[in-house]
Amino acid sequence: MKFTFFWLFFLSFCFIQNTAFSQSDTNLILTLKERLENVSTVEEEVGLLNDIAWEYYYQNFDSAMYYTNLALAKSDELEDEYWQSVSLEMKAILMEMSGQYEEAISLYLEVIPLRQKAGGEGLENTYNNMAALFQNQQNYETSLIYFKKSLKIEEERNNQNGIAACLINLGISYKNLGKLDTAGVLFRKANKLSEAIRDSVLIVHSSLSLGDFFYQENKSDSATYFYEVARDKGLIINDLNSVGVALQGLGNLTMKEGKLEQALDYLNQAEVYLNTVKSFLGLSNVYFNKAKLLKASGQYQEASTYYDKYIALNDSLRTMEILRLTADMEQKYESERKERQITELELQAAEQELRDRANRARLSYVVVLALLFLFLGGFYAYRYRTQRKNSLILSQKNKTIEIALKDKEVLLREIHHRVKNNLQVVSSLLSIQGREIEDAKALEAVKESQNRVKSMALIHQYLYGEHDLKSINMQEYVSQLSQNLFDTYRLDRDLVELKLEIETVHLDVDTAVPVGIILNELITNSLKYAFPEGQGGLLEVSLFEKDNCLVLIVKDNGIGQSTGKHSGTNFGMKLIRAFEHKLGAAIEIASENGYQVTCKISKYKRIWLEDIAS
């Protein structure tokens, strides 16, 4: 029996971030592995390998990729276009899961012609998965193109389940594009069709879509009806995430109507179900709404507890996403850097081979001269021609080397440019999200995350500009970073003076990035807490080398630790502590006549001007 992918529903209101399941294999995986040991055909083996990879999809990424690669190798051996397409699509799904979207799209584009050659079987699923990928990237216009292609195939085959699923996904894209009327029509069609074919999963998803739609249209009765249908059906089929989302919707509705006690009951139930399936994004929304509701009910201590939970969870989600994006960018950078090193070594080897050839040629000439003295004239002519040829070859190789090095330099600058652009996109997304946040603590957390991203982006901006590609001029970087932070917090320059004492030190990227993040946190800390509104003062930033250490000092003459805020207990100071081991840093804090943090860094790499010139 041929392997078939399940439909993937990427619904905006039920996005789940699951933690890994148990590392032990499920009974189904163990059964599949037993069957794999007794296969009689390669086709059956490929099918089982893909089945095992699919079962590992949510549990163990490495195991899923291992069995997918085995399936790919076996399908190539089989030379069967259908199984090649199935295995490639499984790999595309794993690439998407790991955030390698460009690689996933490239693989999907390889799958499409293979499925077409194999008669089109499974092509509707490929189109659907591609559309879901674009939808997840908020590229809704492109997602509509592929959802429509999938819908066309489903309609030609009269697959009612597939048609209903496509209608839901199309409706979500139209809703996100602001075309609510079109989205509403599609959701109603999907719900009616799901009821007709009695597909409980599709009934739940279409009902949730309609519940959200009517909630946005301020039609409370209709929204309540569909949320209750989704809740009741979800309980029957054990779709706990959908149950939690439906209960959250009911809680929002009743809270909007002023029924605070009933709303709290719904949100409490939603919290239980969403916590069971580890839907962190859903839990974040529940915490925020419960905090608002408890505050409105006069339960300020409980409200504060849920605000803290909301802020902590949101900060963790943002930090994990930023670290994931940063790790992905660093991986790409390291890959390109290694590629450049390999190319340089190959060019050096080629040049050395030419030198060896020239040396061997000269030795031959001496022997020939001794043996064929009478043919001296002819020998010199031959030698001249040979040397000229070798010189031409060397000249051509040198030109090739020069062009290759220039190309690599352009490529590295482009990489840094793209990394900077991607970080700016993250910063912009945080800024956009911040506009919608009313809670002051949450907004402050978003602003701090945005400043951390900007500090990293500034480093890559220096690297792709007119500066060298090997180092960061810390004098220029610290000055720019400080000015940016002053602009962010809009401090009166006449009241708060910035004094910089930065040695002309060039650091490599691996040192500059953590130092930049530490600087960002320390300067931000002083700007936020040292100078209350209307109070002036002095902020000093120093960076210099002493006793084989790089010394960083951030000092202010503000209010010190008198308020309890200007301390090392916040997330920023925890982030600084996280870099202590990497940099071999010793951190000292003093609070006399203000607040001072001194970092003595022993693990750092300074780049000298002569190294840069070389």
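Residues Glu45 and Leu78 form no side-chain contact, since every pair of their non-hydrogen atoms from C-beta on lies 4.5 Å or further apart. Counting only heavy atoms from C-beta outward, the side chains of Gln100 and Leu107 never approach each other to under 4.5 Å. Using a 4.5 Å cut-off on side-chain heavy atoms (C-beta onward), Phe579 and Val513 make no contact. Counting heavy atoms from C-beta outward, Tyr67 and Lys33 have side chains that approach closer than 4.5 Å. Between Met130 and Leu109, the closest side-chain pair of non-hydrogen atoms falls below 4.5 Å. Within the 4.5 Å cutoff, side-chain heavy atoms of Leu235 are placed close to those of Tyr273. Contact annotation: the side chain of Val229 approaches that of Tyr225 to within less than 4.5 Å [non-hydrogen atoms, C-beta and beyond]. Using a 4.5 Å cut-off on side-chain heavy atoms (C-beta onward), Ser75 and Asp80 make no contact.
Nearest heavy atoms, Val243 versus Gly234: CG2-C, 3.4 Å. The nearest pair of heavy atoms linking Ser194 to Leu202 is OG-CB, 3.2 Å. For the residue pair Gln135 and Ser143, the shortest heavy atom distance occurs at N-CB, 3.7 Å. Scanning all heavy atoms of the two residues, the minimum distance from Ser173 to Phe147 falls at OG-CE1, 3.9 Å. Ala164 and Leu193 get closest at one heavy-atom pair: N-CD2, 3.7 Å. Closest approach of Tyr101 and Glu96 over heavy atoms only: CE2-O, 3.6 Å.
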Could you give me the CA-CA distance, side-chain angles and deciding distance for Ile236 and Ser200, then say whether side-chain contact (heavy atoms from CB on, under 4.5 Å) is met? CA-CA 9 Å; Ile236 293 172; Ser200 298; 5.8 Å; no
Apply the test side-chain contact (heavy atoms from CB on, under 4.5 Å) to residues Asp199 and Ile203: give CA-CA distance (whole Å), side-chain angles for both, the deciding distance (0.1 Å), then the verdict. CA-CA 6 Å; Asp199 188 313; Ile203 291 172; 5.5 Å; no
side-chain contact (heavy atoms from CB on, under 4.5 Å), that's the test. Do Trp83 and Lys74 meet it? Break it down for me. CA-CA 9 Å; Trp83 287 113; Lys74 289 294 181 180; over 6 Å; no
Quick one: do Phe187 and Ser206 satisfy side-chain contact (heavy atoms from CB on, under 4.5 Å)? Show the steps, please. CA-CA 6 Å; Phe187 290 148; Ser206 60; over 6 Å; no
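Between the side chain of Asn136 and the backbone N or O of Ala132, no donor-acceptor pair lies under 3.5 Å. Side-chain atoms of Ser150 do not come within 3.5 Å of backbone N or O of Tyr146 as any donor-acceptor pair. No donor-acceptor distance shorter than 3.5 angstrom exists from the side chain of Ser222 to the backbone of Lys219, with no hydrogens or angles considered. A distance-only check finds no donor-acceptor pair linking the side chain of Arg115 to the backbone of Gly120 [under 3.5 Å]. For the pair Ser106 (side chain) and Glu102 (backbone), a donor-acceptor distance under 3.5 Å is absent.
No hydrogens or angles considered: nothing links the side chains of Gln138 and Asn176 as a donor-acceptor pair under 3.5 Å. Inspection of the Gln160 and Asn158 side chains reveals an N or O donor paired with an N or O acceptor under 3.5 Å. In this model, no donor atom of one side chain and acceptor atom of the other lie less than 3.5 Å apart for Thr126 and Asn129.
The environment of Glu156 atom CD is dense: over 12 non-hydrogen atoms of other residues, nucleotides or ligands sit within 6.0 angstrom.
Exactly one of Ile29, Asp51, Thr68, Thr26 qualifies for a side-chain contact (heavy atoms from CB on, under 4.5 Å) with Tyr56. That residue is Ile29. Among Asn128, Asn161, Asn159, the single residue meeting the side chain to side chain donor-acceptor pair (under 3.5 Å) criterion with Glu154 is Asn159.
Salt bridge annotation for Glu124-Lys152: absent, with no cationic side-chain nitrogen under 4.0 angstrom from a carboxylate oxygen.
Not counting sequence neighbours, Tyr227 has no partner by the ring pair (Phe, Tyr, Trp, His ring centres under 6.0 Å) test. With sequence neighbours left out, Phe214 forms a ring pair (Phe, Tyr, Trp, His ring centres under 6.0 Å) with Phe226.
Note that the CZ atom of Phe213 and the CG atom of Leu208 stand 15.0 Å from one another [nearest 0.5 Å]. Leu247 CG to Glu271 CD: the interatomic distance, rounded to the nearest 0.5 Å, is 12.0 Å. Taking OG1 of Thr142 as the start and CD1 of Ile105 as the end, the distance is 8.5 Å to the nearest 0.5 Å. Atoms NZ and OH, from Lys179 and Tyr174 in turn, are 6.0 Å apart once rounded to the nearest 0.5 Å. Remark: Ile153 CD1 to Leu123 CG distance equals 4.0 Å, nearest 0.5 Å. The distance from the CG atom of Leu49 to the CD atom of Glu44 is 10.5 Å, given to the nearest 0.5 Å.
Applying the side chain to side chain donor-acceptor pair (under 3.5 Å) test to pairs two or more places apart or on separate chains, those with a residue in residues 228-240 are Asp239-Ser242.
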